[in-house]
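Worksheet for the structure shown next.
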Amino acid sequence: MILPIHQPAGVRDAVPGLLDVADETLRAWLAERGEKPMRARQLRRWLLVGGAESFESMSNLPKTLRQQLAEDFAPLASRVAKHLRASDDTHKLLVEVGDHKLIECVLIQDEGRRTACISTQVGCGMGCVFCASGLNGVDRNLSVAEIVEQLVRLRNLPGPGNATAPDGVQRLTHIVVMGMGEPLANLDNLLAALELATAKDGLGIGARHITISTVGLPVKIRRLADLGKQYHLAVSLHAPNDELRTQIVPTNDKTGLADVLAAAEYFFAKTGRQVTYEYVLLADLNDQAVHARELTALLRGRRAHVNLIPFNDVEGLPYRRPSVESLQIFTNTLQQGGISVKVRKRKGSQIDAACGQLRRSVTQG
Ligand code: SAH
């Protein structure tokens, strides 16, 4: 069942979102109106912690100030163009950001976890052949505020079992940077956004609960490792040898598997965090027992965990999901080879919750 439950009207093109405004600018704006600098903190707290989506609802601010704020700023600059909710309480937002671009983000609610899946770019430049996000290339990087606003909007959604009534602000427990775009191609903005996500006076999410999924850009992986943050890294492998990987993940032509794996090992050495390897199973292309054996040999002896992802159908693409039998054989082969492996659960499939698919269905009419 698909329930469109929320369609706020009115794009605020003319005014900047508050999270886009630099601290000094906001404090100067407040000073001009005779307000103390501490109001700036109060305002950000309302957005990042308090769940406010309007100035009107910021009840401890003077009424005139709330009106003045509404004239010059939007609390959140983005607009929810479409909101879908699946019966398993997965929510998907199609969000219109600056210059009318569309991005997607998803809230997955499962066994006490509230996981936000967020985008980092409009489109994607990596060109993985099976992925809907990159079919039209990359448009631009998202700003820090555009990334944080996805988290805020997802956090503000109702918890499991609640229809539409607000039930207080429930915290996000996890973030997966697995939406549209290549996160490491927009690393600076992502890192700044994650600072707000992890800050005590921000969204308060533990770094160890944040997963950054990358196509595998070795130089950027090393840079991330050197920061010593406790983020979890997932590397999209998708093939056990260079020939096949370059066919499925074209950027492999420049990087090569060996360098991607070496960078992942470096990440583990620097952070102590075990790396996850993602492997999308595409029927007959990379899902055969021979591939599983080759993958086992490639990963044996490394501190690695494999996440198998049965392909989610993308309209217009010729790829198919693996059969139940080949998924089973693939999983068993890895397990028997001593590789830690899990098959990713499918959530929200009825609302096209997988990468780039909702935007595609909208932009293609
Ligand atoms: N650019 C990042 C994030 C991509 S989305 C990366 O490459 O890791 C997160 C994961 O979903 C990636 O492993 C990606 O390859 C995978 N994915 C993309 N489209 C998919 C589809 N249609 N079915 C299954 N997995 C898909």
Side-chain angles (χ1 to χ4, degrees), residues 92 103-106 108 115-139 141-142 147 150 174-187 189-190 210-218 220-221 224 231-239 244-252 254-255 257 260 263-264 267 275-283 285-287 295 305-322 327 330 342-349 351-361:
K92 177 157 200 162
I103 57 156
E104 302 180 5
C105 56
V106 179
I108 303 148
T115 304
C117 176
I118 56 168
S119 297
T120 49
Q121 297 183 309
V122 180
C124 184
M126 300 299 118
C128 301
V129 293
F130 57 85
C131 175
S133 297
L135 288 175
N136 296 323
V138 65
D139 216 309
N141 283 341
L142 294 181
I147 298 172
Q150 295 173 63
H174 294 74
I175 299 175
V176 292
V177 190
M178 294 188 183
M180 294 170 64
E182 168 48 43
L184 299 194
N186 187 14
L187 187 53
N189 288 352
L190 174 63
I210 297 176
T211 301
I212 301 175
S213 175
T214 176
V215 72
L217 305 177
K220 297 291 180 67
I221 291 177
L224 183 63
Y231 302 135
H232 176 209
L233 184 71
V235 174
S236 293
L237 219 51
H238 307 331
L244 186 56
R245 189 165 193 265
T246 300
Q247 197 185 325
I248 299 173
V249 180
T251 57
N252 190 64
K254 285 184 230 105
T255 53
L257 260 177
V260 173
F267 184 89
V275 173
T276 293
Y277 292 103
E278 293 163 290
Y279 193 107
V280 171
L281 288 164
L282 306 159
L285 187 58
N286 67 352
D287 71 335
L295 185 62
H305 171 79
V306 173
N307 213 328
L308 295 177
I309 317 170
F311 173 64
N312 284 311
D313 292 317
V314 177
E315 213 186 294
L317 292 186
Y319 307 101
R320 284 175 300 112
R321 293 172 73 71
L327 176 60
F330 205 98
K342 254 204 191 118
V343 179
R344 184 171 297 169
K345 271 197 259 175
R346 200 164 148 90
K347 303 283 291 177
S349 53
I351 54 170
D352 283 341
C355 310
Q357 300 186 27
L358 177 63
R359 180 180 81 132
R360 199 167 160 69
S361 68

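Indexing begins at 1, ligand by ligand and atom by atom, following the structure's order.
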Looking at [X], which atoms of ligand 1 are within less than 4.0 Å of one of its heavy atoms?
| X | answer |
| --- | --- |
| Phe130 | 15 (O), 17 (N), 18 (C), 19 (N), 20 (C), 22 (N), 26 (C) |
| Val314 | 22 (N) |
| Cys131 | 18 (C), 19 (N) |
| Ile309 | 24 (C), 25 (N) |

Contact between ligand 1 and [X] is defined here as a heavy atom of the residue under 4.0 Å from a ligand atom; is it met?
| X | result |
| --- | --- |
| Ala132 | no |
| Met126 | no |
| His238 | yes |

(message) Below 3.5 Å, N or O to N or O, backbone or side chain included: is there any such pair between Arg344 and ligand 1?
(response)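 No, since none of the N or O atoms of Arg344 sits under 3.5 Å from an N or O of ligand 1.
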(request) Using distance alone, decide if ligand 1 has a nitrogen or oxygen within less than 3.5 Å of any nitrogen or oxygen in Gly181. (result)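 Yes: some nitrogen or oxygen of Gly181 is under 3.5 Å from one in ligand 1.
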(message) Just to be sure I read this right, does ligand 1 sit under 4.0 Å from the backbone of Thr214, its side chain, both, or neither, counting only heavy atoms?
(response)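 Just the backbone.
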(message) I need the contact type for Met178 against ligand 1. Using non-hydrogen atoms and a strict under-4.0 Å cut-off, is it side chain, backbone, both or neither?
(response)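 Under 4.0 Å from ligand 1, Met178 contributes backbone and side-chain atoms.
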Side-chain donor/acceptor of [X] to backbone N/O of [Y], under 3.5 Å:
| X | Y | answer |
| --- | --- | --- |
| Asn189 | Leu142 | yes |
| Gln150 | Ser119 | yes |
| Asn286 | Val280 | yes |
| Arg245 | Leu237 | yes |
| Arg321 | Phe311 | yes |

(message) Could you go through Asn307 and Glu278, starting from their C-alpha distance and side-chain angles, then the distance that decides it, and tell me whether this counts as side-chain hydrogen bond (donor to acceptor under 3.5 Å, both in side chains)?
(response) CA-CA 5 Å; Asn307 213 328; Glu278 293 163 290; 5.9 Å; no
(request) Please identify each residue that fulfils side chain to side chain donor-acceptor pair (under 3.5 Å) with Thr276, with sequence neighbours left out. (result)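 Side chain to side chain donor-acceptor pair (under 3.5 Å) check on Thr276 returns His232.
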(request) Describe, in one word, how the ring planes of Phe330 and Tyr279 are oriented to each other, choosing from parallel (under 30°), tilted (30 to 60°) and perpendicular (over 60°). (result)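 Phe330 vs Tyr279 ring planes: tilted.
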